[in-house]
Amino acid sequence: MNIFKAASFSIAGICLIYFIYALLTGDNLALPWEVDTTFKTRPLLLEYFQLNGESAGLYVDQIISWQKFYTGEIQFLGWPETIVFCLFFIALITVSTVVTYLDRFSYFITSGIIVFVLIQMRLEELGIAQEYLTYAVIGGYAIVSYLFHSFYPNTKLWIRISAITLLYGIILGVILLGTNLTNPHLVAISYGIIGPVILSTIFIVFIAGDNIFTLFKLTTQGSSNGKESFKHFLIIGTIYVWLAILIFLQRTGYINISLFEETPYVLLVFSMASGYFCIDRKLHSIQDIFGITLLKNWLYPISCSLVLGLIAFAHLTINDSIVNALEWVIILSHMTFGLVFFVYALANFVSPLFENIEVWPVFFQGLRAPVLVARFLAFVLFLGGMFYLDNRPYYQVKAGQYGMLAALGKKVGNDILTDQYYRQSVFHDFYNFKANYSLAQIAKRADEVESVPIKLNNILRGAESPKARIAYSNYYAERDLLYQELTTLLNSIESENSPEAKNNLGLSHYRYSNYDSAYNYFVNDLSANSVVSEGNLAALNYDLAAKIKFDTTVNYKYTNDINVMINRQALANAQGDVIPYNLSLNPDTILTRPALFYLYNAALNQSDTEKDFILQTIDYYLASSKNDQYNNFLLIARAVGHYNQGNVNEAFRSIENSIAASQASAGFPYFVKAVWAFDQGQVDLTIESLDNASKKGYYEPQVQPFVDGLKELNNYSEVADISDQLGALENEKINLDSATYIKRLKTIADLNAFDHKTTLSAIEKISVYNDKDPDIYSILLSAININSNSPELLTAYIYQCARSGYSSFGKTAIDRLETMVGAEKIIEVEDKFESIQKERLADLIGK
């Protein structure tokens, strides 16, 4: 017996944990919250110069992230159904074994219940022997149980349980192996879910009045004053009974108060504990101690397990019809039995209490009002409550059954059955969530789609549901019906209690241009730890800062969330702030879209002059072919980042690569090149680049003011000048070794080809150490490609070709130089070119 006790209590403990987990998790496994991220562009002006006295430069689009909650299709889990299936058969085995120890009256009553439960399993739906399978199961139970009850009453427990287990094992074998159905156990429990519900209902009714006993015992046990005991019991008992009545009135809509959401389950768990500790006194008429032991230490915990497992299954799978049915059973039974047993205690024990007699041990043995009469009266009231509710719990169970069958049909891909079963579910329980929501999700025809708001509204009329509320508002949002979207969420209970609904309401206000209200909702939602709302708050701050030029101060909690990072970086760019770049490299070299947009926004910042890591990150992802789809985006970010750091040559190389990478979208890079060319004092290159941008179809509104400004320009003062960097290096030269000095000279020489004087001066200083250094040729080649209109750079390149032995390249460059300078200069260059060649040849011969 100790083995069965340990096993049953272990199962009960696991089921209690499972029950608590289900209450905490709710429907988030079968219908998880999803977040839809929309990336919007916002213009940012990068000011590089003054044009006719006004700041001018380049408008680039920053990326702003907006996030919205939604939910998709209900997922079929399967494992909660499997747990209920297993618990149901464990309970059947337990009840069928224990019943063989009961007296004849109790045996026939209980056997009738078991037979009714076996009929409700609807085994004929498995397609095996049709209804004869059910007859065989009932006959097997009757034969085995009656043999032990009447013919072999002294048979040992292990023999009885072995025989009963074998019987139900055969049934399980037939269910699992005797059919060609996929997942036959899920089919069986879906058709037979009423069976576990019946057993759970009987158990809940059985323990519903036991809380009064516990309260009676606690208030009267060991008291030295009977009158005080009576007062305490009267007060606490009244509170308990009124609590159950208030819950009933709240559920029926007679009162509108907000009680603790899980109050029915508090009553249930309390009564489970009460029932266990009073079962000996409650069943005092049973003389067989072994029978009481079985009931208390085996059947009772298994019954608790079935009830808890069934409720957990219903919550996890969004089977709200079964949830509501079981909650009605809990509320009705605890209200009726609680009220009757409260009056029963007063009728029997007020006088003994006043005499200061300890009477709680004989609570279930009242003489003035027999306990059997109290139980009968409570049960009649319970049934009366069922009829008062128009048998709602029964219809809700049937709706839950059809919901399970529809979900199973969806799992196997039978859309016709799915639709029919969900419609039957709605027929039995008009307001149930699962069927209405699923029908809304699978709506295809025009008339079905138009009825989606009605289906979702029916859910909300039945119960408050943030997910239904979100789906309801999103239906209108997808159709740009902004007013309907806003009013659907506005003043709803869900928007007050759900951070998801509150976030979407803030977005609705934003879309409706109610920025102050949107700000309010996003700020208030932070108390609910909504990282999504914090990201949207950062996005809203950017829009508000752009409109009314104020600097918002928000204490951000989720600074490591990528969407918050994207939006905060954009705001920092607009307001001239610096936020350290905070995103590690992906070892797989794959760049996600959110990471790309954050990287892009970070590269645009003009205030951050130490963005080496950002540029290295861009190069890291550019080197991977996995990110080819983002190359143009990355190249533009790279170009802007280098230009803002003063690396003009690298910026122009990157923008040229962007142009070469996609001629179809080369218009914007050409415009970028035009703006930078103007900033560097290159009028001809500016006009050329603007012309190319126009040819590529780039006619953005930002282009025309820039072109008009060029036409009206009177005082052209922009010029490239990096001489201060070379001067600073010369001042440091005394503290540098030659290798470091030359390395920094090369950096300056390849910094800005449009300042040809400083570039050539740096190259000349390098030549002093080694005029044949191959890096000089590379630097000059890059310089003439960037600043192709500089005769000075081209001349220096020609001479370097002669020194490096690239005579044919040099001669080609001389032909190009003829279009820039006069004949006299060409003769001078040719003479020096030939002279350098002769010197190089003589040097080679001498070696």
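- Between P361 and R281, some side-chain heavy-atom pair lies under the 4.5 Å cut-off.
- Between L157 and L294, some side-chain heavy-atom pair lies under the 4.5 Å cut-off.
- Remark: the S106 side chain and the D103 side chain contain an N/O donor-acceptor pair separated by less than 3.5 Å.
- Taking the side chain as every heavy atom from C-beta outward, Y437 and I318 never approach each other to under 4.5 Å.
- Under the side-chain contact (heavy atoms from CB on, under 4.5 Å) test applied with S321, the options V426, L326, D429 reduce to a single match, D429.
- When the options F19, F433, Y265, Y18 are evaluated for a ring pair (Phe, Tyr, Trp, His ring centres under 6.0 Å) with H315, the one that passes is Y265.
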Donor-acceptor pairs are to be reported for all side-chain atoms of residues 194-207 against protein atoms at under 3.5 Å, with residues two or more places apart or in another chain.
unit_1 : atom_1 : unit_2 : atom_2 : d
S200   : OG     : P196   : O      : 2.9
T201   : OG1    : V197   : O      : 2.7

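- Side-chain contact between F248 and T252: present, with at least one pair of heavy atoms (C-beta onward) separated by less than 4.5 Å.
- Inter-residue side-chain proximity for N436 and Y422 is flagged as unmet; no heavy-atom pair is nearer than 4.5 Å.
- Here the rule is ring pair (Phe, Tyr, Trp, His ring centres under 6.0 Å) with F342, and of F233, F349, Y240 only F233 fits it.
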What side-chain donor-acceptor pairs closer than 3.5 Å can you find for residues 384-397, not counting sequence neighbours?
unit_1 : atom_1 : unit_2 : atom_2 : d
Y388   : OH     : Y254   : OH     : 2.4
Q396   : OE1    : A325   : N      : 3.3

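- Under 3.5 Å, the side chains of E358 and W360 contain a donor-acceptor pair of N or O atoms.
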**OP:** Decide yes or no on side-chain contact (heavy atoms from CB on, under 4.5 Å) for L405 and Q424, but give the supporting numbers first.
**Re:** CA-CA 10 Å; L405 292 169; Q424 285 182 285; over 6 Å; no

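- For Y168, the side-chain hydrogen bond (donor to acceptor under 3.5 Å, both in side chains) partners at least two apart in sequence or on another chain are S96.
- By the neighbour-count criterion of 12 heavy atoms within 6.0 Å, atom CZ of F116 is sparsely surrounded, having that number or fewer from other residues, nucleotides or ligands.
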Please list, one pair per line, the donor and acceptor atoms closer than 3.5 Å that link side chains of residues 132-143 to other protein atoms, with sequence neighbours excluded.
unit_1 : atom_1 : unit_2 : atom_2 : d
T134   : OG1    : E124   : OE1    : 3.4
Y141   : OH     : S111   : OG     : 2.8

Would you tabulate the side-chain donor-acceptor contacts of residues 267-278 under 3.5 Å, counting partners in other chains and residues two or more places apart, or write 'none'?
unit_1 : atom_1 : unit_2 : atom_2 : d
S271   : OG     : L267   : O      : 3.1
S271   : OG     : L268   : O      : 2.7
S271   : OG     : H334   : NE2    : 3.1
S274   : OG     : N211   : OD1    : 3.0
S274   : OG     : T214   : OG1    : 2.7
S274   : OG     : F270   : O      : 2.9
Y276   : OH     : N297   : OD1    : 3.1

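- The existence of a salt bridge linking K282 and D210 is confirmed by a sub-4.0 Å separation between a basic side-chain nitrogen and an acidic carboxylate oxygen.
- Qualifying side-chain hydrogen bond (donor to acceptor under 3.5 Å, both in side chains) partners for K217, counting only residues two or more places apart in sequence or in other chains: none.
- Nearest heavy atom pair, residue I161 against residue W158, reads CG2-O, 3.3 Å.
- Less than 6.0 angstrom separates the ring centroid of F364 from the ring centroid of F213.
- In terms of heavy atoms, I322 sits closest to A314 at CG2-CB, 4.0 Å.
- The shortest side-chain heavy-atom distance between I193 and F85 does not fall under the 4.5 Å cut-off.
- Close placement of the F363 and Y344 rings is indicated, their centers lying within 6.0 Å of each other.
- S425 is listed as a side-chain neighbour of N432, based on a closest heavy-atom distance under 4.5 Å.
- By the 6.0 Å and 45° rule, R160 does not stack over the aromatic ring of Y152.
- In this structure, L102 and V99 have side chains that are in contact, with non-hydrogen atoms separated by less than 4.5 Å.
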